[in-house]
J.: 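Below you'll find the structure I mean.
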Amino acid sequence: MRLIDVYLELQKRLTEHLRAVLQTKYDLQIEVIPLEIPPDLRFGELATPIAFELARKLRKAPKIIAQEIVAALGHLDGFSSFEVAGAGYINARLDRAAGVRLAAGSEGGSPSAQGSPELTRGHALVEHSSINPNKAAHIGHLRNAILGDTFVRLLRAAGYKVDVQNYIDNTGVQVADVVVGFLHLEGRSLADIRQLLGELKRSGVRIDYYCWDLYARTSQWYASGSPEENEARKRFRYATMHEIERGCNETAEVAELISTSVLRRHLETMLRLDIEYDFLPRESEILHLNFWALAFEQLKQTGVLYFENEGKNKGCWVMTRPAAGTQPIQEDDGPKGTDEDAKVIVRSNGTVTYVGKDIAYHLWKFGLLGRDFGYKPFFTYPSHECWISAEHGDEPHPHFGGAQAIYNVIDARQSDPQANVIQALRGMGHTAQADHYTHFSYEMVALTPRCAVELGYDVSEEDLARPYIEVSGRKGFGVKADDLIDKLIAATRAEVDARQTGRDEGERQRIAEQIAIGALRYFMLKFTRNSVIAFDFKDALSFEGETGPYIQYAVVRARNIFRKAGTTPDAVLDEFAGIDPAAYLEGEANEDIWALWLRAGRRSLVLEQCISTSEPAHLAKHGFQLAQEFNNFYHKHHILTEEDPTRKIFLLATVAVALRELIVVLSWLGIESPEAM
RNA sequence: GCGCCCGUAGCUCAGCUGGAUAGAGCGUCUGGCUACGAACCAGAAGGCCGGGAGUUCGAAUCUCUCCGGGCGCACCA
């Protein structure tokens with residue numbers, strides 16, 4: 001199955017043709033020929049400013065060069081004409097009928113249908129979500145998971161084999177804190193906690209919600225006593241963390257019980273958004289399987305780590321930070337000044353830091369560590385199993401890791417440690433891997449002060465003056481993911497109930513959920529990654545304008561046309577293959593229809609752009625623009641009452657292609673296309 | 001102090017490797033449901049793209065500088 005994208009295909013043809021012309025006419029070999037989509041159709045469908053670039057080299061006016069090139073271009077399949085415009089642009093006009101046939105015949109297909117061998121580009125690993133399993137997921141985690149999941153869909157659509165990982169820090173200070181809360185603040189034993197979990201389940205209380213409050217309470221408790229008391233509490237905190245890290249004791253068992261229960265809740269929450277994982281690697285196994293010991297040897301051997309004898313880091317194993325220089329540390333280069341800025345990887349007490357463990361984990365991701373996790377099944381999705389790491393796993397099991405390219409969906413605040421890990425890989429000589437290590441960074445989701453007040457939080461004068469306030473799990477400040485989803489579904493349900501009076505309860509609920517999820521996913525994807533989202537219910541609960549439901553509504557309209565017409569998109573496209581559409585594509589009155597076909601033919605181009613820039617927002621924008629042009633077309637041309645039977649087929653084919661494209665784009669965004677709404 | 005990100009219409013944001021009159025949504029005002037569903041469409045108003053300098057045929061986009069806002073710079077994770 002071959003995917004033909006009108007723009008990609010015609011761009012390729014034009015580029016090659018231009019290159020050949022430049023070669024024969026001027027004896028020039030130009031590698032990259034800039035091509036752009038003109039701002040307006042009256043400039044044609046493709047354009048190049050190449051004549052401007054050549055002006056200096058050829059010592060001629062751009063306009064003259066453009067005229068010479070146009071004269072030499074002659075005829076090219078798929079194009080109707082080339083012309084000079086402005087001070088030296090070369091504008092290309094497409095053969096519209098040919099372009100439309102190309103677009104109509106391109107394969108739609110679901111993302112999974114495109115994984116044919118010739119499209120397989122390699123093995124990618126995407127890590128996203130990675131929520132500390134000690135509290136409920138909040139809107140910040142939603143942005144992470146939705147970005148990550150969408151990018152997974154894009155990679156798969158482009159032909160990559162993708163493993164989805166959700167890294168679980170089940171031994172860190174955050175889990176320790178909630179364990180302290182259970183054991184110390186609430187004074188519960190392991191048996192008590194087991195009983196509590198049962199009670200919560202029976203009474204329908206979400207355990208992650210329970211932990212949300214307890215975690216905030218515990219965090220406060222550390223700072224609410226006398227200085228001596230606080231000191232003792234902190235000691236208790238670190239003792240708890242060490243017991244959890246060591247394992248094989250009751251505290252560790254409590255941590256395991258709590259973190260696993262909360263983790264299951266996170267998977268359930270994400271499943272509501274159609275987000276699934278393949279593997280859950282846990283910190284506890286990275287520790288107990290001694291990943292670090294292997295990494296440490298490699299780091300020492302390659303000279304990335306060196307032992308510091310002087311200064312503030314005396315007694316530590318450290319590495320040079322990326323900013324300080326890209327050369328690996330050389331031995332025997334005489335007395336050198338102590339690098340006070342070096343990053344400590346192994347502390348003077350012999351324990352390893354977060355970055356050190358992360359280096360080991362990333363060596364594993366690329367298959368460079370020489371050791372693997374054990375694997376156990378953990379969570380069953382309708383279509384596949386999600387595995388979790390284990391010290392002693394089950395056999396047989398799938399193999400994870402050993403990827404060629406990795407994407408870490410982690411917020412922008414962690415760019416320094418991420419850069420450290422990349423630097424270490426590069427220093428160890430794994431340059432190809434370092435080049436294919438992408439920190440897929442994104443800015444946080446914060447609350448507008450108004451939203452914070454609305455939720456009943458105490459907001460300081462200082463915070464009220466800010467444009468936005470950072471959410472904080474530690475303070476229990478934020479909007480929980482499930483609360484937001486519940487609220488969205490309630491809002492869409494009210495709309496659906498008002499409109500779909502003929503449908504039963506179950507159907508209406510299903511539609512409401514599809515719309516709610518569409519609204520939420522689109523909301524998180526419409527912003528580019530490095531824009532902070534100042535969250536407000538007013539915007540998130542909007543179903544009009546540039547939103548997911550707007551695009552879904554276009555789909556419903558298109559489907560209704562086929563329903564009323566008593567035909568199907570496939571049947572129409574078959575008929576369409578037998579007619580000549582040229583007459584319906586020319587002239588002012590049909591300009592918008594041609595624009596819609598052009599937009600529909602841009603999907604793969606946009607996909608490639610999204611992948612090369614790691615930016616799903618481009619596809620979100622494309623989906624909206626496509627829906628907008630479709631709505632425009634829908635309003636202006638009445639299809640079912642069209643009297644010219646050939647033109648009616650043409651119009652129906654236009655709807656068929658728009659519908660196909662809308663559905664595919666939405667599916668790549670992880671958004672379903674409802675039958676009605 | 002060092003590093004990264006941001007500053008575009010009243011508000012929230014797009015703007016592809018520099019390119020043709022700077023776009024969208026929301027909000028405001030006006031108009032359109034007896035035509036395929038109005039969760040829609042059409043129109044209007046609204047901008048020295050934070051300021052300044054530079055690079056060039058050409059800058060919202062690249063460089064420098066200043067101003068304003070955010071986030072990082074642990075032997076925490």
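So you know, we letter chains A, B, ... as the sequences are listed, proteins then strands, and number each from 1. What you are looking at is a predicted structure, and each value in this text was computed from that prediction instead of being measured.
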J.: Any side-chain N or O of A/Lys621 under 4.0 Å from OP1/OP2 of B/G23?
T.: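 Answer no for this pair, as no side-chain N or O of A/Lys621 is under 4.0 Å from OP1 or OP2.
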J.: On a whole-Å scale, what distance lies between the C1' atoms belonging to B/C48 and B/A22?
T.: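 Taking atom C1' in both B/C48 and B/A22, they lie 13 Å apart.
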J.: Any Lys/Arg nitrogen of A/Glu629 or A/Arg599 sitting under 4.0 Å from an Asp/Glu carboxylate oxygen of the other?
T.: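 Looking at A/Arg599 together with A/Glu629, the answer is yes, because their closest N to O distance falls below 4.0 Å.
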J.: Pick the closest RNA chain B nucleotide for A/Gly172 and for A/Lys538 by heavy atoms, then say which residue is nearer the 5' end.
T.: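 The residue closer to the strand's 5' end, by nearest nucleotide, is A/Lys538.
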J.: Who pairs with A/Arg143 by salt bridge (Lys or Arg N to Asp or Glu O under 4.0 Å), at least two apart in sequence or on another chain?
T.: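 Result, salt bridge (Lys or Arg N to Asp or Glu O under 4.0 Å) vs A/Arg143: none returned.
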J.: In whole angstrom, give me the gap between the C1' atoms of B/C62 and B/C16.
T.: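 It comes out at 16 Å once rounded to the nearest Å.
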J.: Quantified in whole Å, what is the C1' atom distance between nucleotide B/C67 and nucleotide B/U28?
T.: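 Looking at atom C1' only, B/C67 and B/U28 are 32 Å apart.
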J.: Please determine, by modelled atom types, if A/Gln174 and A/Lys135 share a side-chain donor-acceptor pair under 3.5 angstrom.
T.: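 Yes.
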J.: Distance check, P atoms only: B/U63 and B/G7, in whole angstrom units.
T.: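 Pairwise P distance, B/U63 against B/G7, rounds to 14 Å.
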J.: Decide if the gap between the ring center of A/Phe537 and the ring center of A/Phe535 is smaller than 6.0 angstrom.
T.: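 Aromatic pair counts; centres sit under 6.0 Å.
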J.: Roughly how far apart, to the nearest Å, are B/C2 and B/C66 at atom P?
T.: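 Going atom to atom, P in each nucleotide, I get 10 Å.
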J.: OP1 or OP2 of B/C6 less than 4.0 angstrom from a side-chain nitrogen or oxygen of A/Asn530, does that happen here?
T.: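 Indeed, a polar side-chain atom of A/Asn530 lies that close.
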J.: Taking the six-membered ring of A/Phe291, is NZ or CZ of A/Lys357 closer than 6.0 Å to its centre and within 45° of its axis?
T.: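 Because its charged atom misses either the 6.0 Å distance or the 45° angle limit, A/Lys357 does not stack over A/Phe291.
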J.: OP1 or OP2 of B/G37 sitting under 4.0 Å from any side-chain N/O of A/Asn560?
T.: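 For B/G37, OP1 or OP2 has a side-chain N or O of A/Asn560 closer than 4.0 Å.
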J.: Partner of B/G47 by Watson-Crick or G-U wobble geometry, both contacts under 3.5 Å, or none?
T.: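 Answer to the pairing question: none, since B/G47 forms no Watson-Crick or G-U pair.
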J.: Which parts of nucleotides 39-49 of chain B does protein reach within less than 4.0 Å, heavy atoms only, written one letter per nucleotide 5' to 3' as B for base, S for sugar-phosphate only and - for none?
T.: BSSS-------
J.: Could you pull out the protein-nucleic contacts involving nucleotides 67-71 of chain B (nitrogen or oxygen on both sides, under 3.5 Å)?
T.:
unit_1	atom_1	unit_2	atom_2	d
B/G70	OP1	A/Arg466	NH1	3.4
B/G70	O2'	A/Tyr468	OH	3.2

J.: Reckon A/Arg563 has a side-chain N or O less than 4.0 Å from the OP1 or OP2 of B/C36?
T.: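 For B/C36, OP1/OP2 do not have a side-chain N/O of A/Arg563 under 4.0 Å.
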J.: For residues 440-451 of chain A, which residue pairs qualify under salt bridge (charged side-chain N to carboxylate O under 4.0 Å, His left out), counting only residues two or more places apart or in two chains?
T.: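 Every pair satisfying salt bridge (charged side-chain N to carboxylate O under 4.0 Å, His left out) with a residue in residues 440-451 of chain A: A/Arg450-A/Asp536.
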J.: Quick check on side-chain contact (heavy atoms from CB on, under 4.5 Å): which of A/Asn91, A/Leu14, A/Ile69 does A/Phe82 satisfy it with?
T.: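 Only one of A/Asn91, A/Leu14, A/Ile69 forms a side-chain contact (heavy atoms from CB on, under 4.5 Å) with A/Phe82, namely A/Leu14.
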J.: So, using salt bridge (Lys or Arg N to Asp or Glu O under 4.0 Å) as the criterion, who are the partners of A/Asp539 when residues are at least two apart?
T.: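 For A/Asp539 there are no salt bridge (Lys or Arg N to Asp or Glu O under 4.0 Å) partners, ignoring immediate neighbours.
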J.: As a test of reading the structure: which of B/U12, B/G72, B/A20 is closest to the side chain of A/Asp416, going by heavy atoms?
T.: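 Per side-chain heavy atoms of A/Asp416, the pick is B/G72.
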J.: Within residues 37-47 of chain A, find the residues that approach RNA chain B with a heavy atom at under 4.0 Å, and present them sorted by residue number.
T.: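 Heavy-atom contacts with RNA chain B come from A/Pro38, A/Pro39, A/Asp40, A/Arg42, A/Phe43, A/Ala47.
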J.: Please confirm whether A/Arg529 makes a cation-pi placement over A/Phe440, using NZ or CZ under 6.0 Å from the six-membered ring centre and within 45° of the ring normal.
T.: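 So A/Arg529 does make the cation-pi contact.
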J.: What is the distance, to the nearest angstrom, from the CE atom on A/Met524 to the C1' atom on B/C13?
T.: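 It works out to 15 Å between those atoms.
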J.: Base, sugar-phosphate, or nothing for A/His439, non-hydrogen atoms under 4.0 angstrom?
T.: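 Touches nothing.
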J.: Between the side chains of A/Tyr442 and A/Asn144, does any donor sit under 3.5 Å from an acceptor?
T.: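 A donor-acceptor contact under 3.5 Å links the two side chains.
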J.: Quick one: do the A/Tyr354 and A/Gln414 side chains pair a donor with an acceptor below 3.5 Å?
T.: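 Yes, a side-chain donor-acceptor pair sits under 3.5 Å.
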